[in-house]
Amino acid sequence: MIDLALVRKDPVAYQDACKKKNIKLNIAAFLKLDEERRMLMAETQTMQAERNAVSKKVPTIKEKTEKEKVIGEMKSLGEKLKAGEEELIELDKQWMALQLQLPSIPLPSVPVGKDDTENREQRKWAPNQSSASADSGTGQDGLPIFDFEPKDHVALGTALDIIDIPRGVKIGGSRSYFLKGDGARLELAILQFTIDLLTKRGFTLFTPPLMANYAAMMGTSYFPGGEEQAYAIGVDRTPELGLDGKDAKQIESDRLYLIGTSEVAVASYHSGETFKQSELPKRYAGLSNCFRREAGTYGKDTHGLYRIHQFQKVEQVVLCENDEKTSAALHQEILGNAEAVLQALELPYRVVDVCTGDMGRGQIFKNDIETWMPSRKGYGETHSCSTFGEFQARRLGIKYETESGEKKYVHTLNNTCIASPRILIPILEIYQNKDGSVAIPSVLRPYMGGQEVIR
RNA sequence: GGAGAGGUGGCCGAGUGGUCGAUGGCGACAGUCUUGAAAACUGUUAACCCCGCAAGGGGUUCGUGGGUUCGAAUCCCACCCUCUCCGCCA
């Protein structure tokens with residue numbers, strides 16, 4: 001949500017932000033509605049003031065006919081007031097709906113572009129000399145080269161019996177999978193390694209609710225707009241559905257949504273609260289399963305574990321004071337944490353500055369980290385690091401009191417630290433050996449009982 | 001799932017139709033007293049919105065949303081949440 005005083009002061013800047021972010025919104029029309037709303041508000045408030053004043057006087061009137069006269073007058077005022085209030089409620093709905101669409105203004109450094117094809121590569125990293133696989137080498141650019149025909153993660157995982165997609169689909173529908181045996185253990189090792197790294201760096205770990213209400217979805221700015229990507233809980237539970245349950249009907253929902261990221265829950269943790277400035281920043285990490293409908297992606301990334309409905313993620317969430325330098329420094333910090341994990345895993349990656357068109361409504365600055373995936377012959381997005389300014393904090397109502405007693409909204413940031421199984425794609429593909437076995441990255445071995453290879 | 005109780009200001013808690021945004025207590029802040037502190041005493045102490053340069057004025061808020069009424073914390077309806085007992089249960 002945006003400070004409307006700023007929009008009124010500089011509507012052009014917000015219209016420009018809409019254009020850059022591909023948001024269809026007429027700022028002038030919104031401000032006209034805003035104006036109308038305030039005028040109507042003034043009118044109804046005047047009537048309310050009169051009603052309140054007279055209501056206070058009524059019990060002191062002793063004379064009966066006088067009293068009845070006043071009550072009669074109030075009755076007709078009440079009708080006018082009610083009409084005004086109803087009109088205001090209607091106007092309010094439209095006003096709020098539009099207000100929730102207002103974008104924040106990207107920082108000046110953000111590249112302007114229409115979609116992810118116009119993101120700008122900022123830097124690359126690759127291990128000097130990869131220790132990844134006994135049977136592969138490292139090219140000049142640090143990317144792995146194989147002296148055999150490398151397999152993709154699906155072929156590797158299927159042959160090793162650590163990934164089972166067909167049976168996943170049998171149980172959970174398209175884009176479902178099982179991790180099995182060492183595959184499941186590898187995932188947990190990665191998560192645990194990441195958790196340990198963040199803990200050492202001062203982050204507090206949360207395992208949050210996986211189901212969240214509308215306020216949390218809206219507050220973190222997934223709603224309105226992202227409803228189609230969220231699973232809403234609500235199918236009927238009648239026992240007489242036979243063997244296939246295909247007659248199961250939608251029921252009225254429990255009004256909860258499965259979270260697409262622990263950010264929804266963890267950033268909402270302090271909603272409605274006011275900190276003391278000395279309590280900031282808060283460095284939080286959420287470990288959770290994440291659920292995404294992936295509506296509208298039919299036919300896209302259908303192969304393997306790249307785009308699936310459910311995954312596990314360690315997410316960093318930071319709340320800090322309302323200061324651009326502070327949040328910029330923390331942005332680099334949480335970006336650095338994710339890079340530290342990839343570097344420990346010796347996976348080549350690059351950092352891109354996400355352009356305006358590929359940014360969300362609320363972000364003012366965003367980096368993606370893309371990790372090298374041999375089967376894609378390119379980098380694939382594995383991390384997303386966002387700075388929101390006070391956009392989320394306004395929706396969530398998270399403030400702090402400065403030393404001088406002033407109340408301000410916090411700034412919020414978040415970044416993936418690791419997300420699995422997508423990260424298994426580069427791990428399995430880069431660490432594969434000629435014989436089809438896969439070496440376990442050395443930093444993960446302590447988490448797998450010292451095991452060195454999956455075969 | 002069955003039965004019951006309840007949601008009031010930072011916290012506790014009173015209030016069942018009208019000068020109630022709400023008695024009282026605790027806490028916090030300021031002052032008096034004190035060398036200092038404690039105690040005692042005195043005072044201050046909600047959030048949000050609208051108008052206004054400001055001083056200030058007005059509105060809304062007693063879980064949420066509707067309704068009744070000239071007037072609702074108080075009456076009615078729906079929903080959300082919490083607690084207790086029983087049942088079931090990882």
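Residue numbers start from 1 in every chain, and the chains themselves are labelled A, B, ... in the order their sequence lines are given, proteins ahead of strands.
Here, B:rC62 and B:rC11 have their P atoms 15 Å apart, quoted to the whole Å. Separating the P atom of B:rC88 from that of B:rG2 is a span of 15 Å, rounded to the nearest Å. Separating the C1' atom of B:rA72 from that of B:rG66 is a span of 14 Å, rounded to the nearest Å. Here, B:rG6 and B:rC77 have their P atoms 15 Å apart, quoted to the whole Å. Straight-line distance between the P atoms of B:rU23 and B:rU16: roughly 15 Å, to the nearest whole Å. Here the separation of B:rU61 from B:rA22, taken at their C1' atoms, is 12 Å to the nearest Å. Rounded to a whole angstrom, the distance from the C1' atom of B:rC20 to that of B:rA28 is 24 Å. Here, B:rG15 and B:rG24 have their C1' atoms 11 Å apart, quoted to the whole Å.
For B:rG65, the paired base is B:rC77 (Watson-Crick or G-U wobble, both distances below 3.5 Å). Pair assignment for B:rG10: B:rC26, on the basis of Watson-Crick or G-U wobble contacts that are both within less than 3.5 Å. Across all strands shown, B:rA40 pairs with B:rU32; the Watson-Crick or G-U wobble distances both stay below 3.5 Å. B:rC83 and B:rG4 make up a base pair, with Watson-Crick or G-U wobble contacts both under 3.5 Å. Using Watson-Crick or G-U wobble geometry with both donor-acceptor distances under 3.5 Å, B:rA55 finds no partner in any strand shown. Checking B:rC89 for Watson-Crick or G-U wobble geometry (two distances, each under 3.5 Å) identifies no partner in any strand. Here B:rG18 sits opposite B:rC70 as a Watson-Crick or G-U wobble pair (both hydrogen-bonding atom distances under 3.5 Å).
Take A:Lys282 and apply the salt bridge (Lys or Arg N to Asp or Glu O under 4.0 Å) test, not counting sequence neighbours, and it matches no residue. Listed by chain and residue number, nothing satisfies the salt bridge (Lys or Arg N to Asp or Glu O under 4.0 Å) test with A:Lys366 (two or more places apart in sequence, or in another chain). For A:Lys80, the salt bridge (Lys or Arg N to Asp or Glu O under 4.0 Å) test picks out no residue, with sequence neighbours left out.
Per the geometry, CD1 belonging to A:Ile398 stands 17 Å off C1' belonging to B:rA47, to the nearest Å. Atom CG in A:Leu81 sits about 14 Å away from atom P in B:rU69, given to the nearest Å. Taking atom OH on A:Tyr400 and atom P on B:rG10, their separation rounds to 21 Å, with Å as the unit. Distance CG (A:Leu91) to C1' (B:rC49): 15 Å, rounded to an integer number of Å. Rounding to whole angstrom units, CD1 of residue A:Ile61 and C1' of B:rG71 are separated by 12 Å. Summarising the geometry, the separation between CE on A:Met96 and C1' on B:rC48 is reported as 12 Å, rounded to the nearest angstrom. B:rG10 atom P lies 17 Å from atom CZ of A:Phe275, rounded to whole Å. Straight-line distance from the CE atom of A:Met39 to the P atom of B:rC49: 21 Å, rounded to whole Å.
Residue contacts shown for A:Lys69 are absent, as no nucleic acid heavy atom lies under 4.0 Å away.
Residue-to-nucleotide proximity on RNA chain B shows that, of A:Lys407 and A:Ile89, the 5′-proximal contact is made by A:Lys407. Between A:Lys75 and A:Glu86, it is A:Glu86 whose nearest contact on RNA chain B lies nearer the 5' terminus.
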Close N/O contacts between protein and nucleotides 16-21 of chain B (under 3.5 Å):
none

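For A:Lys19, the NZ atom sits in a loose shell: 12 or fewer heavy atoms of surrounding residues, nucleotides or ligands are nearer than 6.0 Å. More than 12 heavy atoms of other residues, nucleotides or ligands sit less than 6.0 Å from atom CD of A:Glu66.
Without hydrogens or angle criteria, A:Gln316 side chain to A:Ile334 main chain gives a donor-acceptor distance under 3.5 Å. Judged by distance alone, the side chain of A:Glu429 and the main-chain N or O of A:His153 form a donor-acceptor pair under 3.5 Å.
Relative to the six-membered ring of A:Phe311, A:Arg422 misses at least one condition, a distance below 6.0 Å or an angle of at most 45° to the axis.
Paired with A:Tyr400 under the rule side chain to side chain contact (heavy atoms under 4.5 Å, CB included), one option of A:Lys276, A:Glu321, A:Lys407 passes, and it is A:Glu321. Each of A:Leu335, A:Leu413, A:Leu319 was evaluated against A:Leu330; a single residue qualifies, A:Leu413, per the side chain to side chain contact (heavy atoms under 4.5 Å, CB included) test.
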Protein-proximity profile, nucleotides 50-65 of chain B, B/S/- by nucleotide at the 4.0 Å heavy-atom cutoff, equals BS------BSS-----
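Residue pairs meeting the ring pair (Phe, Tyr, Trp, His ring centres under 6.0 Å) criterion with at least one member in residues 161-195 of chain A: none, sequence neighbours excluded.
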